[in-house]
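A short worksheet on the structure shown next.
Reminder, nothing fancy here: chain letters follow the sequence lines and each chain counts from 1.
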Amino acid sequence: MNDLPTKYNFKEIDAKWADRWVKDNVFNAKADTKKAPYVITIPPPNVTGILHMGHALNNTLQDIIVRYKRMKGDEACWMVGTDHAGIATQNVVEKKLAQENKTRHDVGREEFLKEVWDWKEHHGSTIIRQLKALGASCDWPRERFTMDEGYSEAVKKVFIELYKKDLIYQGERIINWCPRCNTALSDEEAEHQEHQGTLTHIRYPFKDNPTKHVIVATTRPETMLGDTAVAVNPEDKRYKDCIGQTLILPLMNREIKIIADDFVDPEFGTGAVKVTPAHDPNDFGMGQRHNLEFINVMHEDGRINNNGGAFSGLDRFEARKKVVEKLKEDGFFEKVEDHTHAVGHCYRCDDIIEPYLSKQWFVKMEPLAGPAIDAVKTGKIKFHPARWEKTYMNWMENIRDWCISRQIWWGHRIPVWYDAEGNIFVAHDEDEAKAQAKEKHGKDVALRQDEDVLDTWFSSWLWPFATFGWPEKTDDLKTFYPGHALFTAPEIIFFWVARMIMAGYEFMGDLPFKDVYIHGTVRDAKGRKMSKSLGNSIDPLDIIEKYGADALRFSLIINSGQDLYISEEKFEIGRNFANKIWNASRLVMMNTEGVDTSTSLSDIAQNDLDLPDKWIISSLNTTIDKVSTAIESYRYSEAESLIYDFFWKNFCDWYLEIIKNRWDDPTTKQVARKVLEESLRIMHPFLPFVTEEVWQHLKEGNTLLCVDAWPQSNAKLIDQKIETEMATIFELIGSIRNIRAEWNIKPGEKIDCYVSTEEDKALLENNADLITSLARLGSITIEDKLSQTKNVASTVVGPIKCAIPLGDVIDVDKEKKRIEKQIADHTKQRTGIEKRLSNENFVAKAPADVIDKDKEKLKGLIDKIEKMQEVVNALKP
RNA sequence: GGGCGAUUAGCUCAGUUGGUAGAGCAUCUGACUUACAUUCAGAAGGUCAUAGGUUCGAUCCCUGUAUCGCCCACCA
């Protein structure tokens with residue numbers, strides 16, 4: 001039991017623990033806990049989702065903090081679940097139907113929804129399984145779905161509440177409409193493609209003087225049939241006098257006014273724009289601002305309707321030709337020129353999308369934004385890195401109303417019913433709506449429910465509290481709201497983060513979380529976003545298979561500064577490190593069998609320890625401190641570097657090498673064993689699988705590491721001086737090894753060292769054994785003055801601490817000059833700082849800690865200069 | 001067009017309150033040391049994009065320029 005297998009078999013280990021942790025239910029938080037709760041909520045992945053690198057990064061970050069907090073003794077709850085992802089999911093099922101040559105209209109709404117639910121039952125938990133394989137320590141029994149029963153209640157309640165508060169209204173808006181599919185598309189579904197089109201210039205004559213005209217330009221001439229104004233920039237001198245005058249719309253003979261609007265760019269085209277409020281999003285905006293008439297000239301299938309006069313019945317492209325012909329005939333045509341511009345295409349049938357006027361539901365956002373803005377302004381909610389606050393503020397301060405209705409079937413159906421007269425009844429269900437209608441009409445009337453469903457984000461924005469049972473007043477809600485942190489990608493700050501904050505204040509009266517960590521985007525080695533269509537994505541599941549889940553996690557995090565540029569070799573660092581942990585553990589365990597492990601490091605340190613033991617204990621405690629701080633400050637890659645350096649460089653490369661021939665010393669055994677144990681603890685959040693497996697062997701299966709304690713650092717065990725001294729010794733040994741090779745000194749031979757200060761002399765003398773054994777020398781002699789020989793040595797360590805004579809290599813004069821230059825630099829600094837400290841202005845204004853720091857620096861500089869001066873004085877050629 | 005970033009070794013990036021530039025890959029040199037070759041010891045490689053400014057001192061703070069990128073809105 002106490003031995004590790006020779007081979008680190010991550011596949012077996014990963015699978016074993018992923019399974020065991022879930023089975024033992026160790027990640028389930030208790031609502032009736034006495035511990036401090038720590039709560040994060042997962043950005044719910046789409047039910048259609050499969051784990052990609054972005055997920056892997058996002059969830060590893062969350063897992064690190066949640067495992068850390070759990071070990072620290074908090075009641076850690078990582079709320080988990082999936083999002084119904086309206087459009088994405090509907091697409092999957094529609095595609096399936098398409099294979100049978102059917103559309104959703106063929107099967108009908110009810111049957112179609114059954115199909116979607118069916119799909120969800122069979123395929124909806126793929127990503128959950130994958131998260132488990134990644135090692136995510138989510139609160140699995142609490143898993144939710146944004147369309148499960150209770151959650152749907154929450155969504156309805158929110159809609160009704162907002163409606164009652166007059167914060168939800170029905171209004172008109174331009175949406176993307178596909179005339180071929182006969183459906184509305186979201187902005188995400190409209191693919192903009194560069195398109196070689198034309199810009200047709202048309203003359204609009206003045207009513208009072210038909211010989212004069214204004215020229216407008218358009219890419220879609222047929223829309224002129226619905227024009228209700230011409231707009232110019234208010235600052236445009238060419239048109240200043242025309243503002244307010246009346247034009248005659250050609251072909252339709254409608255009187256339209258010239259209006260002034262800032263939207264118009266005087267530089268583009270003629271500086272005059274035809275305004276078609278019903279067929280263009282920008283014109284729609286102008287239409288609202290100027291109270292224009294909205295004339296819809298098109299049927300849903302793209303044919304011109306009766307508002308199009310002589311052109312009614314024509315298809316939109318046919319009409320385009322005919323309109324231009326007629327304009328030419330009637331003398332209103334000015335010219336046509338080529339024009340390349342982006343045109344929206346339907347993602348499904350690739351047909352050109354028509355901006356189309358329709359009725360939609362909206363949420364008034366401005367009243368909700370206030371508390372959410374304050375929360376960030378006052379620092380109650382913090383972004384990490386802080387710069388994202390600017391992005392957030394910029395959006396919040398210019399917030400626009402939120403269009404929440406979607407013309408699809410999969411989702412939360414809008415809880416609105418209409419009677420024959422179009423009266424609106426907002427209710428939880430049809431019965432309640434009927435009751436309302438009965439009250440109004442005094443009798444039973446037939447109602448029909450709104451066909452549309454709600455935007456997916458309208459359920460996601462309730463995630464931090466709806467998952468805990470809201471609107472019921474549950475124990476969960478009481479314990480786990482508000483939460484603590486949110487981890488997500490920058491592109492959904494608006495869609496999701498901002499809205500969750502608003503919902504938190506509106507419905508819970510409190511913020512949903514205190515910290516928002518925004519991580520980078522995962523890209524390929526060339527900087528392109530990873531995507532299926534580009535074929536450049538690296539599948540995290542492949543990496544898990546090939547390198548192990550720990551390797552995936554570790555490598556991702558250590559690369560996670562801003563955006564991550566990933567190629568497969570990047571995962572070697574994690575694989576190598578996990579392998580190193582395995583083998584170092586093996587070495588320690590082979591040599592410490594039967595050792596007493598009940599004594600803590602603090603107690604062991606009560607004994608009179610050797611320098612290397614003291615050093616590794618000090619270094620461990622320093623690392624524990626720094627890693628804890630780094631995790632709590634959301635600096636994960638730094639935390640990993642610290643762990644990596646400590647474990648690999650200090651523990652393995654130096655400490656384990658030093659003690660190689662001292663395994664019979666019981667104290668050393670204890671120290672090595674304990675340091676390994678503590679190292680496993682601090683490495684666990686980052687590499688949970690390998691550390692858990694080693695732990696089981698080390699502890700003979702008595703406890704699980706994932707629910708064991710995070711180590712407490714002991715300030716008494718940290719000795720900065722020892723750490724510096726050891727660094728010096730290591731540097732020296734490195735040099736000696738190098739020189740040995742260079743000068744072909746055989747192992748066991750003698751070498752002379754020269755030091756320049758008493759301190760260094762003592763350091764070397766006290767550790768002569770350590771140095772000779774590690775440098776594989778027979779012995780060293782230490783002379784205390786560099787000046788005693790003319791031909792001093794090649795390698796100088798630090799600011800001339802020690803030199804090794806190996807012939808006529810060093811030039812003492814040169815060495816002297818080098819140090820003198822350093823002294824000069826330091827002196828310059830010194831006078832600079834002195835000058836600053838004697839400046840009354842500075843002393844009066846600067847904060848106390850800045851002045852203290854200056855003073856400290858000054859003291860350090862003076863020390864340094866004095867020491868170096870000594871060295872120079874000693875250097876006599 | 002609006003907003004926000006980036007520019008440091010051949011590559012990918014650290015560098016947190018301004019004080020003599022760091023890591024990992026890659027390259028080269030050495031080591032077969034019985035935990036690990038997914039190893040160990042070293043070397044080489046940077047006017048910190050550019051031009052100014054503030055400062056005794058700038059990779060760091062301020063301004064301009066260039067190049068690259070992201071988000072939002074998309075131009076009749």
Practice prompt. Using whole Å, report how far NZ of A:K626 lies from P of B:U16.
Written response: 14 Å
Worksheet item: B:A14 C1' sits how many Å from A:I557 CD1, rounded?
Response: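 Distance check: A:I557 CD1 to B:A14 C1' gives 15 Å.
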Worksheet item: If you find the nucleotide of RNA chain B closest to A:D283 and the one closest to A:F10, which residue's nucleotide is nearer the 5' end?
Response: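 Result of the comparison: A:F10.
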Fill in: Sole residue of A:D625, A:T623, A:T629 in side chain to side chain contact (heavy atoms under 4.5 Å, CB included) with A:V627
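When side chain to side chain contact (heavy atoms under 4.5 Å, CB included) is applied between A:V627 and each of A:D625, A:T623, A:T629, only A:T623 qualifies.
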Fill in: Whole-Å P distance, B:G46 and B:U55
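Their P atoms lie roughly 33 Å apart.
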Worksheet item: What distance, rounded to whole Å, do you find between the two P atoms, one in B:A73 and one in B:C11?
Response: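 My reading of the P atoms in B:A73 and B:C11 gives 36 Å.
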Practice prompt. For A:F494 and A:Y392, run ring-ring contact (aromatic ring centres under 6.0 Å, His included): C-alpha distance rounded to whole Å, both residues' side-chain angles, the deciding distance at 0.1 Å, then the answer.
Written response: CA-CA 7 Å; A:F494 310 136; A:Y392 172 86; 8.4 Å; no
Worksheet entry | Selection from B:A35, B:G3, B:C40 that lies nearest to any side-chain heavy atom of A:W648 | B:C40
Might you list the N or O atoms of the protein lying below 3.5 Å from N or O atoms in nucleotides 6-10 of chain B, with each pair's distance?
none

Discussion item. Are there runs of at least three consecutive Watson-Crick or G-U pairs touching RNA chain B, with each pair's two distances under 3.5 angstrom? Give them by first number.
Written reply: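 Paired runs of 3+ in RNA chain B: B:1-7 with B:66-72, B:10-13 with B:22-25, B:27-31 with B:39-43, B:49-53 with B:61-65.
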Worksheet item: Does the side chain to side chain contact (heavy atoms under 4.5 Å, CB included) test come out yes or no for A:L687 and A:I581, once each step is laid out?
Response: CA-CA 10 Å; A:L687 305 108; A:I581 294 172; 4.0 Å; yes
Worksheet item: For A:F577, which of A:Y8, A:F554, A:W582 qualifies under ring-ring contact (aromatic ring centres under 6.0 Å, His included)?
Response: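 Among A:Y8, A:F554, A:W582, the one meeting ring-ring contact (aromatic ring centres under 6.0 Å, His included) with A:F577 is A:F554.
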Worksheet item: If only atom types and distance count, is the side chain of A:D236 paired as donor or acceptor with the main-chain N or O of A:V232 below 3.5 Å?
Response: no
Fill in: Min side-chain heavy-atom separation A:W402-A:W457 under 4.5 Å
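Result yes, sub-4.5 Å side-chain heavy-atom pair found.
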Enumerate the protein-to-nucleotides 21-26 of chain B contacts in which both atoms are nitrogen or oxygen and the separation is below 3.5 Å.
from	atom 1	to	atom 2	distance (Å)
B:G24	OP1	A:K649	NZ	3.2

